[in-house]
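No hydrogens, no waters, no symmetry mates; every other heavy atom, side chains included, goes into these values.
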Amino acid sequence: MTTLADPVPGGRPGDLRRVAALTAGLAAKGVRGIVLAYVDTAGVGRVKTIPTARLAAAVSWGVGMSPVFDTFLAGDSIVTTDVLGSPDGDLRLYPDLDRLVALAGQPGWAWAPVDRITQEGARHPGCARTFLRRTVAGAAARHGLALKAAVEVEWTVGLGSAPAGEFVPAVSGPAYGAIRQVELSDYTADLLAAFDAQDVDVDQLHPEYAAGQFEISVGALDPVAAADRSVLVRQTVRAVAQRHGLRVSFSPAVSAEGVGNGGHLHLSCWREGRNLHAGGEGRYGMTGEAESFAAGVLARLPALTAVTAPSPASYLRLRPSQWAGVFTAWGRETREAALRVITGTAGRRDQEANIEVKPVDLAANPYLALGCVIAAGLDGLTRSLALPEEITGDPARYGPDEAAALGVRRLPQSLPDAVEEFRADQVLRNALGPVLADAVSAVRLGEATAVAGLDDDRVAAAYRWVY
């Protein structure tokens with residue numbers, strides 16, 4: 001069952017009928033409390049918790065929380081817009097029962113994402129989950145499209161016994177190395193068990209490039225469910241790590257040097273069960289619509305960076321020749337391109353073909369990131385944009401004239417530069433609406449001000465344990 005409607009006072013249709021059975025099922029698993037989770041504009045996970053016995057009240061009338069968190073910074077200071085950031089007012093958090101799950105890594109607890117509405121029952125214009133759900137619904141209504149998405153999750157594993165604030169890798173050995181897998185095999189086995197218990201289908205779980213770094217890839221879902229799953233995966237990774245005496249960071253840059261943690265987005269467009277990224281007459285089997293969707297994303301990457309790379313630490317990661325995708329370029333399986341076209345293996349292309357957006361990290365609110373990327377793609381589809389020439393190899397090798405001729409631009413290299421691009425992009429601002437768009441700009445500029453004058457090491461330290 002999938003509930004696509006906005007919550008209303010009194011509860012979504014049918015929710016109350018489901019609560020008794022759900023509550024009994026949770027009680028049988030020893031669940032005493034439920035985490036109500038959302039992600040703020042800065043990309044920080046925020047929660048309220050309720051006793052399991054209060055679930056009926058929560059789905060009927062919501063749980064109160066201040067709207068001020070829409071303009072919180074990662075360090076918990078507050079900026080303002082003309083609408084948001086005051087101590088006044090209240091919102092209601094409504095859990096989505098379709099995503100309610102007992103947390104295998106946190107015995108005694110369950111988890112559910114929430115939508116936020118006003119006390120009067122209107123949708124809250126700052127709710128990122130509502131924004132994404134409406135963007136997906138618009139794709140279906142205007143273009144007949146269903147979308148599938150997945151979010152890669154990279155994290156670094158440190159010793160829980162390290163001095164406060166410091167990062168000491170919990171494992172040694174080469175990138176993708178067997179040594180790392182062996183040294184943390186108990187932890188990763190417990191992770192897989194937890195994901196299995198939570199019905200999260202895992203494609204891969206492996207050591208990554210940087211010291212102490214791992215990555216998990218999960219199956220694709222509709223975009224709202226994919227964003228929910230990204231938040232749930234991180235909750236689980238962190239909880240299981242703590243039980244092993246470990247500490248994890250999803251920050252874009254745990255250290256000032258080296259490869260950071262990404263949160264690459266995968267997207268595909270479908271119509272009537274057919275994947276539009278395969279079996280077409282365009283490049284690499286793409287249909288014309290899939291090419292235009294990809295072209296729309298590519299065209300708006302500089303402005304999208306304000307949403308997909310929202311932290312000062314993001315710009316320690318977005319460096320050339322580190323597979324972060326810092327140039328406006330696309331290519332088939334080109335991991336230095338910001339937009340990677342993935343065709344999948346012969347025999348599976350009708351299921352696996354998709355696009356990967358690489359200049360994304362886990363400081364990004366996944367609902368905002370997916371919603372804005374989809375909005376950019378839909379604009380490309382509406383305007384029948386054509387993909388430019390494909391790039392192979394590392395775009396950093398081009399000189400200025402050759403890069404300009406190919407349409408290859410370096411993405412913004414700072415948050416203020418990204419905000420400037422974002423403010424000039426009317427498509428993204430219109431998609432978000434003025435309240436959410438202004439919150440994005442204010443929070444990004446607030447983060448930039450908060451670290452003004454800090455060197456790279458201190459910027460990395462400031463955000464190391466925030467995400």
Side-chain angles (χ1 to χ4, degrees), residues 1-8 12-13 37-39 41 94-99 112-117 122-152 218-233 263-277 287 289-290 292-297 300 304 307-308 351 353-357 360 364-383 425 427-433 435-437 440:
M1 179 177 179
T2 301
T3 301
L4 295 178
D6 292 339
V8 294
R12 291 181 175 95
Y38 73 96
V39 183
T41 313
Y94 278 78
D96 188 337
L97 295 184
D98 295 331
R99 307 303 299 171
V114 300
D115 290 290
R116 297 180 294 154
I117 66 173
R123 73 181 184 94
H124 174 46
C127 180
R129 192 171 190 264
T130 301
F131 156 66
L132 175 57
R133 187 174 61 254
R134 290 185 170 230
T135 302
V136 171
R142 291 191 294 274
H143 301 281
L145 291 182
L147 292 147
K148 293 185 180 181
V151 182
E152 293 182 11
V218 297
L221 299 168
D222 76 84
V224 177
D228 292 339
R229 177 177 277 183
S230 170
V231 180
L232 174 62
V233 164
H264 305 165
L265 303 182
H266 291 259
L267 274 169
S268 55
C269 301
W270 298 68
R271 182 179 290 115
E272 297 178 349
R274 181 195 173 195
N275 186 352
L276 301 185
H277 298 262
T287 64
E289 287 178 300
S292 291
F293 187 93
V297 176
R300 297 204 132 69
L304 283 167
V307 177
T308 64
Q351 296 298 312
N354 68 92
I355 59 171
E356 178 187 33
V357 185
V360 188
N365 178 316
Y367 305 97
L368 290 181
L370 280 166
C372 285
V373 168
I374 291 168
L378 293 177
D379 177 70
L381 185 57
T382 299
R383 296 194 291 139
D425 195 303
V427 167
L428 296 185
R429 290 186 57 82
N430 287 344
L432 287 164
V435 172
L436 197 44
V440 167

Chemist: Which atom pair, heavy atoms only, marks the closest approach of L436 to P125?
Modeler: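 Heavy-atom minimum between the residues: CB-O, 3.6 Å.
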Chemist: Kindly give the heavy-atom pair with the smallest separation between A353 and N275, and that separation in Å.
Modeler: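 That would be O-ND2, 3.0 Å.
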Chemist: Could you name each residue pair satisfying side chain to side chain donor-acceptor pair (under 3.5 Å) that touches residues 366-380, not counting sequence neighbours?
Modeler: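 Output for this query lists D228-Y367, R300-D379, D379-R383.
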Chemist: Show the nearest heavy-atom pair for residues V151 and S230, with the distance to one decimal.
Modeler: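 Heavy atoms only, the tightest pair is CG1-OG, 3.8 Å.
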Chemist: What distance separates F131 CZ from L432 CG, expressed to the nearest 0.5 Å?
Modeler: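 It is 4.0 Å, given to the nearest 0.5 Å.
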Chemist: Can you name the nearest heavy-atom pair linking L428 to C372, along with the distance?
Modeler: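 Shortest heavy-atom contact: CD2-O, 3.6 Å.
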Chemist: What are the two closest non-hydrogen atoms of A227 and L132, and how far apart are they?
Modeler: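 For A227 versus L132, the nearest heavy atoms are CB-CD2, 4.0 Å.
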Chemist: Would V440 and L368 satisfy side-chain contact (heavy atoms from CB on, under 4.5 Å), going step by step from the backbone distance to the final call?
Modeler: CA-CA 9 Å; V440 167; L368 290 181; 4.2 Å; yes
Chemist: Could I get the full list of side-chain contact (heavy atoms from CB on, under 4.5 Å) partners for A290, not counting sequence neighbours?
Modeler: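 Per chain and number, A290 pairs via side-chain contact (heavy atoms from CB on, under 4.5 Å) with L276, H277, M286, T287.
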Chemist: Using side-chain contact (heavy atoms from CB on, under 4.5 Å) as the criterion, list what pairs up with L267, not counting sequence neighbours.
Modeler: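 With neighbours one apart ignored, the set is A149, F293, I355, L370, V373, I374.
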Chemist: Can you confirm whether L145 sits close enough to L381 that some side-chain heavy atom of one is under 4.5 Å from a side-chain heavy atom of the other?
Modeler: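 Yes, at least one pair of side-chain atoms sits under 4.5 Å.
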Chemist: Is there a side-chain contact (heavy atoms from CB on, under 4.5 Å) between T308 and V357 once you walk through the steps?
Modeler: CA-CA 9 Å; T308 64; V357 185; 5.5 Å; no
Chemist: What is the minimum heavy-atom distance between A150 and V218, and which atoms define it?
Modeler: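 It is CB-O, 3.8 Å.
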Chemist: T130: what forms a side-chain contact (heavy atoms from CB on, under 4.5 Å) with it, not counting sequence neighbours?
Modeler: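 T130 satisfies side-chain contact (heavy atoms from CB on, under 4.5 Å) with D6, D115, R123, C127, R133, R134 only.
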Chemist: For R271, enumerate each residue passing the salt bridge (charged side-chain N to carboxylate O under 4.0 Å, His left out) test, keeping only those at least two apart in sequence or located in another chain.
Modeler: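 Once residues adjacent in sequence are excluded, the partners of R271 under the salt bridge (charged side-chain N to carboxylate O under 4.0 Å, His left out) criterion are E289.
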Chemist: Tell me, please, whether Y94 has R12 positioned over its six-membered ring: NZ or CZ under 6.0 Å from the ring centre and within 45 degrees of its axis?
Modeler: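 Geometry flag: not set, cation outside 6.0 Å or 45°.
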Chemist: Pair R99, L232 - check side-chain contact (heavy atoms from CB on, under 4.5 Å), show working.
Modeler: CA-CA 10 Å; R99 307 303 299 171; L232 174 62; 5.8 Å; no
Chemist: I'd like to know if the side chain of N354 and the backbone of H266 have a donor-acceptor N/O pair within less than 3.5 Å.
Modeler: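 Here the side-chain-to-backbone pair does not exist.
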Chemist: When rounded to the nearest 0.5 angstrom, what is the spacing between SG in C269 and NZ in K148?
Modeler: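 Reported to 0.5 Å precision, the distance equals 12.0 Å.
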Chemist: Can you name the side chain to side chain donor-acceptor pair (under 3.5 Å) partners of S268, sequence neighbours left out?
Modeler: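 S268 satisfies side chain to side chain donor-acceptor pair (under 3.5 Å) with W270 only.
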